[in-house]
A.B. asks: 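The structure under discussion is supplied below as structure tokens; questions concerning it will follow.
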Amino acid sequence: MRFDHSVTIQAPAEQVWAVFSDVERWPEWTPTVESVERLDEGRIRPGARTRIRQPKLPVAVWEVTELVEGQYFEWVSKAPGIKTTGGHRVVSTPEGTVATATIIQEGPLGWLFGRLYAGLTRRYIATETEKLKELAER
């Protein structure tokens, strides 16, 4: 199962990236994240781990698997029977900065979890990108 949501933001890509990649501050600007606990020091980087609590979802630990500074980071959370990958991309275009959030659910239970939580997942990533837009355009 794959879910994507993009928005065009009238702010410099560097500014959008600074907000999107500062995961510790997500609870301050998006209602889809209740709490964030970094499990290591410093900025996000490959191998960095973060515990996130979201309404209506189990607490998850996410590990950064890919990072292109200023453009993209991807992290993975694993639970029995399911692997969830979250992508966060920022691209500068002539129309503005496009921010995209992606969720991919895989594994023997990935399709089931994806179907059961499809509506919630779509709402959450749409809310996150829209709130990112509001904050970055201030």
A.B. asks: May I ask you to test the V7-H5 pair for a side-chain heavy-atom distance under 4.5 Å?
C.D. replies: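 Heavy-atom side-chain distance check passes, below 4.5 Å.
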A.B. asks: Nearest 0.5 Å, what's the CG-OG1 distance between L116 and T121?
C.D. replies: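 Going from CG on L116 over to OG1 on T121, the span is 10.0 Å.
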A.B. asks: Output yes when a side-chain donor or acceptor of Q105 lies under 3.5 Å from a complementary backbone atom of T84, and no otherwise.
C.D. replies: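 Absent.
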A.B. asks: Heavy-atom distance under 4.5 Å between the side chains of R2 and D4, does that happen here?
C.D. replies: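 Counting from C-beta outward, R2 and D4 do come under 4.5 Å.
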A.B. asks: Please report the shortest heavy-atom distance between A101 and F20, naming the atom on each side.
C.D. replies: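 Closest approach of A101 to F20, heavy atoms only: CB-CZ, 4.4 Å.
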A.B. asks: Test your reading of the model: is there a side-chain donor-acceptor pair from T97 to the backbone of A11, 3.5 Å cut-off?
C.D. replies: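 At least one qualifying donor-acceptor pair exists.
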A.B. asks: Using a distance-only test with no angle check, is there a side-chain donor-acceptor pair under 3.5 angstrom linking T65 and E74?
C.D. replies: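 Short answer, yes.
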A.B. asks: Which atom names give the shortest non-hydrogen contact between T8 and G96, and what distance separates them?
C.D. replies: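 So the two residues come closest at CG2-CA, 3.9 Å.
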A.B. asks: A side-chain contact here means heavy atoms from C-beta on lying under 4.5 Å apart; do L39 and R51 qualify?
C.D. replies: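 Yes. Closest side-chain heavy atoms under 4.5 Å.
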A.B. asks: Going through the distances and angles, do E28 and R25 end up as a salt bridge (Lys or Arg N to Asp or Glu O under 4.0 Å)?
C.D. replies: CA-CA 6 Å; E28 296 174 18; R25 299 192 72 176; 2.9 Å; yes
A.B. asks: Let me check something: do V61 and I44 share a hydrophobic cluster, defined by ILVMFWY side-chain heavy atoms less than 4.5 Å apart, either directly or through other members?
C.D. replies: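 Cluster IDs for V61 and I44 differ.
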A.B. asks: Find out if a path of hydrophobic residues (ILVMFWY) with successive side-chain heavy-atom gaps under 4.5 Å connects I103 to Y124.
C.D. replies: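 No, I103 does not connect to Y124 through the hydrophobic network.
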A.B. asks: Walk me through it: do V23 and W75 pass the test side-chain contact (heavy atoms from CB on, under 4.5 Å)?
C.D. replies: CA-CA 12 Å; V23 299; W75 56 11; 3.7 Å; yes
A.B. asks: Crowded around R53 CZ? As in, over 12 foreign heavy atoms under 6.0 Å?
C.D. replies: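 No, the 6.0 Å shell around CZ holds no more than 12 heavy atoms from other groups.
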A.B. asks: Taking the six-membered ring of F3, is NZ or CZ of R122 closer than 6.0 Å to its centre and within 45° of its axis?
C.D. replies: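 Ring-cation test returns no.
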A.B. asks: Any luck finding a side-chain donor-acceptor pair between T30 and E128 under 3.5 Å?
C.D. replies: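 T30 vs E128: no donor-acceptor pair found between side chains.
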A.B. asks: Is there side-chain contact between E137 and I9, with at least one heavy-atom pair below 4.5 Å?
C.D. replies: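 In short, these two side chains touch, coming nearer than 4.5 Å.
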A.B. asks: CD1/I82 to CH2/W111 distance, rounded to the nearest 0.5 angstrom?
C.D. replies: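 Rounded to the nearest 0.5 Å, the CD1-CH2 separation comes out at 11.5 Å.
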A.B. asks: Check whether any side-chain N or O of Q54 sits under 3.5 Å from a backbone N or O of P31 as a donor-acceptor pair, and report yes or no.
C.D. replies: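 Looks like no, no N/O pair under 3.5 Å.
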A.B. asks: Using side-chain contact (heavy atoms from CB on, under 4.5 Å), reason through T129 and T100 one step at a time and then give a plain yes or no.
C.D. replies: CA-CA 7 Å; T129 54; T100 303; over 6 Å; no
A.B. asks: Between Y117 and F113, what is the ring plane arrangement, given parallel below 30°, perpendicular above 60°, and tilted in between?
C.D. replies: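 Judged by the thresholds at 30° and 60°, the geometry between Y117 and F113 is parallel.
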A.B. asks: Any salt bridge linking E69 with R43? Criterion: basic side-chain nitrogen under 4.0 Å from a carboxylate oxygen.
C.D. replies: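 Yes, this pair counts.
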A.B. asks: Under a 4.5 Å cut-off applied to non-hydrogen side-chain atoms, are L120 and L57 in contact?
C.D. replies: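 Answer yes - side chains close enough.
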A.B. asks: So which heavy atom on P80 is nearest to which on L109, and how close?
C.D. replies: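 Shortest heavy-atom separation between P80 and L109 comes out as O-CD1, 3.7 Å.
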A.B. asks: Do the side chains of E66 and Y72 get nearer than 4.5 Å, heavy atoms only?
C.D. replies: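 A side-chain contact under 4.5 Å exists here.
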A.B. asks: Show, in sequence, the C-alpha distance, side-chain angles and deciding distance for Q71 and V90, and conclude whether the side-chain contact (heavy atoms from CB on, under 4.5 Å) test is met.
C.D. replies: CA-CA 5 Å; Q71 298 175 25; V90 173; 5.9 Å; no
A.B. asks: Within the side chain of K83, is there an N or O that forms a donor-acceptor pair under 3.5 Å with the backbone of V76?
C.D. replies: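 Not a single qualifying donor-acceptor pair exists.
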A.B. asks: To the nearest 0.5 angstrom, please state how far the CG atom of L135 sits from the NZ atom of K131.
C.D. replies: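 Nearest 0.5 Å value for the CG-NZ distance: 10.0 Å.
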A.B. asks: Holding to side-chain hydrogen bond (donor to acceptor under 3.5 Å, both in side chains), I want the full list of residues that pass it with R38, two or more places apart in sequence or in another chain.
C.D. replies: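 For R38, the residues satisfying side-chain hydrogen bond (donor to acceptor under 3.5 Å, both in side chains) (neighbours in sequence not counted) are D40, T50.
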A.B. asks: Step by step, would you call F73 with V68 a side-chain contact (heavy atoms from CB on, under 4.5 Å)?
C.D. replies: CA-CA 6 Å; F73 81 92; V68 178; over 6 Å; no
A.B. asks: Any salt bridge between E134 and R138, counting N to O under 4.0 Å?
C.D. replies: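 No, E134 and R138 are not salt-bridged.
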A.B. asks: Could you state the interatomic distance from OG (S77) to CD (E63), rounded to the nearest 0.5 Å?
C.D. replies: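 That separation rounds to 10.5 Å.
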A.B. asks: Hey, are the side chains of E106 and T85 touching, using non-hydrogen atoms and a 4.5 Å cut-off?
C.D. replies: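 Side-chain contact under 4.5 Å: yes.
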A.B. asks: Can you see which heavy atom on A18 is nearest to which on S21, and at what distance?
C.D. replies: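 For A18 and S21, the tightest heavy-atom pair comes out as O-OG, 3.8 Å.
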A.B. asks: For W26 and H88, what are the C-alpha separation, side-chain angles and deciding distance, and is it a ring pair (Phe, Tyr, Trp, His ring centres under 6.0 Å)?
C.D. replies: CA-CA 13 Å; W26 285 4; H88 310 80; 5.4 Å; yes
A.B. asks: Are V33 and I52 packed together at the side-chain level, in the sense that at least one heavy-atom pair is separated by less than 4.5 angstrom?
C.D. replies: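 Yes, their side chains come closer than 4.5 Å.
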